[in-house]
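This report concerns only the one structure given below.
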Amino acid sequence: MKSKDLLEKNKINIWPEEKIERFRLTLLTWYDENKRDLPWRKTSNPYYVWVSEIMLQQTQVDTVIPYYNRFIATLPTISDLAEASEETLLKLWEGLGYYSRVRNMKVAAIQIQNDFDGIFPKNHKDVLTLKGIGPYTAGAVTSIAFNQAHPAVDGNVMRVLSRLFEIDLDISKASTRKVFEQIISHLIDPVRPGDFNQALMDLGATICTPKNYSPELSPVKEFNASYINETWRKYPVKKKKNKVTEQTFYTLMIKKEDGEYLYEKRPKKGVLSGMYTPIMIEQGTLREKGWKLFNEDGSYKNSAEELEQNIEDIYNLKVRIKDQPKGIIKHVFSHLKWEMIVFEALLLEDNAQIKDLKWIHKDQFDQEMFPVPTQKVNKLVDTLTLF
DNA sequence: AATACGTGGCT
DNA sequence: TAGCCAAGTAT
């Protein structure tokens, strides 16, 4: 669909040129005086801008800063990234979440070596071919690093614009982003497109916030139709999320006498792919159909014998499991909740032939990459009483 | 088009 | 607290 059709269809009236120019000036003046001092704003190196934009996906600025500094200090060039091992990369990303982001960055770095002579491409279409770079990130990097007038529409921008123009479209729908990109293509400052995009995001992050929003404090309130019409509480329109799936796992900290603990590498697909967790058995998937560790009244059964039998059947490991759980750990993902009922166990006999098992000494925990649920379980190690 | 994919902060 | 929210992308 042509851009004009897209805006007309949604009854969005773009301002006259004179008003657009006043808006640019007002926004950029505010930005120049109020922009946040962020490490990636000290450079226009496209590699650094790229790293920051990937880290900032669905992640708050304060969380990203230390990760960003460590990442570029460790891997200062694109070729460093292309040659880095998966373990190095995951350790640098440990705790940030959405780990496919860093795996994709390595793929993209190799793409840059192979397809673009090792130099980050300037052409917007070329940038979009890079793994892990979608419409937002392509617009952000080309506008910020190369000063090209491409929209960079993220959640902030959609929230700001939906309030400015009283847009009723559901911002949680993928198709909606294109409408906002059309608006930006009209508004964006042709001289300072990178600053314009960042100004809109800063405005969304600091003033035009999701909660505790006070439109009268905005530097662009005179342009804000929802403020003028007192409809600002309606925007943005966003569909509520569905409830997340809840899963309960019997989680085993299996220990050897020498202080090593057993971990299992997760499958290549799915949540926390390729990362290590303790042995986890989902409640309801045990061999004994319907077997549970709890009595009907919610109290614990006084024996983990059946769980031991399942471990032997599945892993060829003979273990002695302590009867009472060591603790219950809850971890919330974006799309599911885990409840981990943690038991300590002692290895009696190891006939395992599954290669994705790994013994790790507790003194080595700091050197290993663990996802946060595993880190939470690991914290219980110091409290283990053993047998 | 809808869903999978982490984590931490805030109310 | 349970739910929402944060500079999205891949499939």
Side-chain angles (χ1 to χ4, degrees), chain A residues 35-36 38-41 48-68 90 93-105 107-108 127-141 143-145 151-160 170-178 180-181 184 194 196-206 208-213 236 238-246 266-275 277 330-339 369-376:
Chain A
K35 69 179 173 188
R36 291 172 291 174
L38 303 171
W40 44 90
R41 287 185 175 163
Y48 297 155
V49 175
W50 173 36
V51 171
S52 73
E53 290 300 339
I54 299 294
M55 287 186 170
L56 286 162
Q57 291 171 3
Q58 303 293 285
T59 309
Q60 301 197 326
V61 165
D62 289 344
T63 304
V64 165
I65 290 173
Y67 283 91
Y68 169 83
L90 285 175
W93 214 263
E94 181 183 40
L96 251 194
Y98 287 153
Y99 298 98
S100 63
R101 289 184 291 177
V102 71
R103 290 175 167 142
N104 287 340
M105 273 212 297
V107 172
V127 175
L128 268 176
T129 67
L130 300 173
K131 189 85 167 172
I133 295 190
Y136 163 75
T137 305
V141 176
S143 66
I144 295 169
V153 173
D154 69 340
N156 284 314
V157 173
M158 289 195 282
R159 183 172 60 256
V160 170
D170 180 358
I171 67 166
S172 69
K173 290 181 69 176
S175 58
T176 301
R177 195 201 67 250
K178 292 184 178 169
F180 289 97
E181 285 176 347
I184 293 297
F196 182 90
N197 283 337
Q198 293 188 87
L200 236 31
M201 290 190 274
D202 262 27
L203 185 65
T206 62
C208 189
T209 47
K211 297 169 188 168
N212 303 321
Y213 168 51
K238 192 172 186 179
K239 192 188 72 180
K240 286 184 180 170
K241 283 178 191 164
N242 298 326
K243 274 197 173 172
V244 301
T245 307
E246 301 187 27
R266 298 180 59 78
K268 284 198 167 31
K269 298 221 170 194
V271 71
L272 303 180
S273 61
M275 282 172 272
T277 61
K330 294 174 193 253
H331 187 79
V332 182
F333 297 87
S334 50
H335 58 304
L336 46 88
K337 285 184 190 177
W338 280 4
E339 181 181 60
M369 187 282 176
F370 289 120
V372 170
T374 304
Q375 291 176 16
K376 290 178 179 175

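Not measured: the values here are computed from a predicted model. Letters A, B, ... are given to chains in the order of the sequence lines, protein chains preceding strands, and every chain is numbered from 1. All heavy atoms count here, side chains included; hydrogens, waters and symmetry mates do not.
Going from atom CD of A:Gln375 over to atom P of B:dG6 covers 14 Å, rounded to whole Å. Here the C1' atom of nucleotide C:dT1 and the NZ atom of A:Lys330 are 11 Å apart, to the nearest Å. Counting to the nearest Å, the C1' atom of C:dC5 and the NE2 atom of A:His335 are 17 Å from each other. Rounded to whole Å, the distance from NZ on A:Lys269 to C1' on B:dA4 is 11 Å. In this structure, CZ of A:Phe333 is placed 18 Å from C1' of C:dC5, rounded to the nearest angstrom. If you measure from atom CG of A:Asn242 to atom C1' of B:dC5, you get 16 Å, rounded to the nearest angstrom. The CD-P distance, from A:Glu339 to C:dT1, rounds to 14 Å in whole Å. For A:His331 and B:dG8, the NE2 to C1' distance is 10 Å, given to the nearest whole Å.
Here the straight-line distance linking atom CG of A:Leu203 with atom CZ of A:Arg159 works out to 9.0 Å at 0.5 Å rounding.
Taking 4.0 angstrom as the limit, A:Lys243 places a side-chain polar atom (N or O) nearer than this to OP1 or OP2 of C:dG3. Checking the phosphate oxygens (OP1, OP2) of B:dT3, no side-chain nitrogen or oxygen of A:Lys239 falls inside 4.0 Å.
For the P atom pair drawn from B:dC5 and C:dA2, the interatomic distance equals 23 Å after rounding to whole Å. Separating the P atom of B:dG8 from that of C:dT9 is a span of 22 Å, rounded to the nearest Å. The same atom, P, is picked in B:dT3 and in C:dC4; the two are 15 Å apart, to the nearest Å.
Within 4.0 Å (heavy atoms only), A:Gly270 reaches sugar-phosphate atoms of the nucleic acid but no base atom. A:Arg159 comes within contact range of the sugar-phosphate backbone alone, with a heavy-atom separation under 4.0 Å but no base atom that close. A:Leu200 comes within 4.0 angstrom of no nucleic acid atom, judged by non-hydrogen atoms across all strands. Using a 4.0 Å heavy-atom criterion, one finds that A:Val332 contacts the bases of the nucleic acid, with or without backbone contacts as well. In this structure, A:Thr137 reaches the sugar-phosphate backbone alone: every heavy-atom distance under 4.0 Å involves primed, P, OP1 or OP2 atoms, never a base. Residue A:Arg266 is classed as having no contact, given no heavy-atom separation below 4.0 Å to the nucleic acid. Residue A:Leu272 is in sugar-phosphate contact alone, with no base atom involved, counting any heavy-atom pair closer than 4.0 Å across all strands shown. Residue-level contact check: A:Trp338 touches neither bases nor backbone, having no heavy atom under 4.0 Å from any strand.
Side-chain to base pairing of A:Tyr98 with B:dG6: one donor and one acceptor N or O lie within less than 3.5 Å of each other.
When every heavy atom of A:Met158 is checked against every heavy atom of A:Ile171, the shortest pair comes out as CE-O, 3.8 Å. For A:Gly139 against A:Ala152, the heavy-atom pair with the smallest separation is C-CB, 3.8 Å. Scanning both residues, A:Pro39 and A:Ile65, for their nearest heavy atoms gives CG-CG2, 4.0 Å. Scanning both residues, A:Val51 and A:Met105, for their nearest heavy atoms gives CA-SD, 4.3 Å.
Within residues 56-66 of chain A, the residues approached by DNA chain C to less than 4.0 Å at the level of any non-hydrogen atom are A:Leu56, A:Gln57, A:Gln58, A:Gln60, A:Val61, in residue-number order.
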Under 3.5 Å, which donor-acceptor pairs do the side chains of residues 94-101 of chain A form with other protein atoms, sequence neighbours left out?
residue	atom	partner	partner atom	Å
A:Glu94	OE1	A:Lys91	NZ	2.8
A:Glu94	OE2	A:Phe370	N	2.9
A:Glu94	OE2	A:Gln375	NE2	3.3
A:Tyr99	OH	A:Gly95	N	3.1
A:Arg101	NE	A:Tyr98	O	3.2
A:Arg101	NH1	A:Ile54	O	3.0
A:Arg101	NH1	A:Met55	O	3.0
A:Arg101	NH1	A:Gln57	O	2.9
A:Arg101	NH1	A:Thr59	OG1	3.2
A:Arg101	NH2	A:Leu96	O	3.3
A:Arg101	NH2	A:Gly97	O	2.9

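Ranking C:dT9, B:dT7, B:dA4 by closeness to the A:Pro135 side chain, first place goes to C:dT9. When distances are taken from the side chain of A:Lys238 to each of C:dC5, B:dA1, B:dT11, the shortest belongs to C:dC5. The listed nucleotides are C:dG3, B:dT7, C:dA10; the one nearest the side chain of A:Lys211 is C:dG3. Nearest nucleotide to the A:Tyr99 side chain, out of B:dT7, B:dT11, B:dC5: B:dT7. For A:Tyr136, taking side-chain heavy atoms from C-beta onward, the closest of the listed nucleotides C:dG8, B:dA1, B:dG6 is C:dG8.
Residue whose closest nucleotide on DNA chain B sits further toward the 5' end, between A:Ser175 and A:Lys376: A:Ser175. Between A:Arg41 and A:Ile133, the residue whose closest nucleotide on DNA chain C is further toward the 5' end is A:Arg41. In terms of position on DNA chain B, the residue among A:Leu96 and A:Lys173 whose nearest nucleotide sits closer to the 5' end is A:Lys173.
A ring pair (Phe, Tyr, Trp, His ring centres under 6.0 Å) with A:Trp40 is found for exactly one of A:Tyr48, A:Tyr68, A:Trp50, namely A:Tyr68. The only option from A:Arg36, A:Lys35, A:Met201 that meets the side-chain contact (heavy atoms from CB on, under 4.5 Å) definition with A:Thr206 turns out to be A:Arg36.
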**Q.** side chain to side chain contact (heavy atoms under 4.5 Å, CB included) evaluation trace for A:Val271 with A:Arg266
**A.** CA-CA 8 Å; A:Val271 71; A:Arg266 298 180 59 78; 3.4 Å; yes

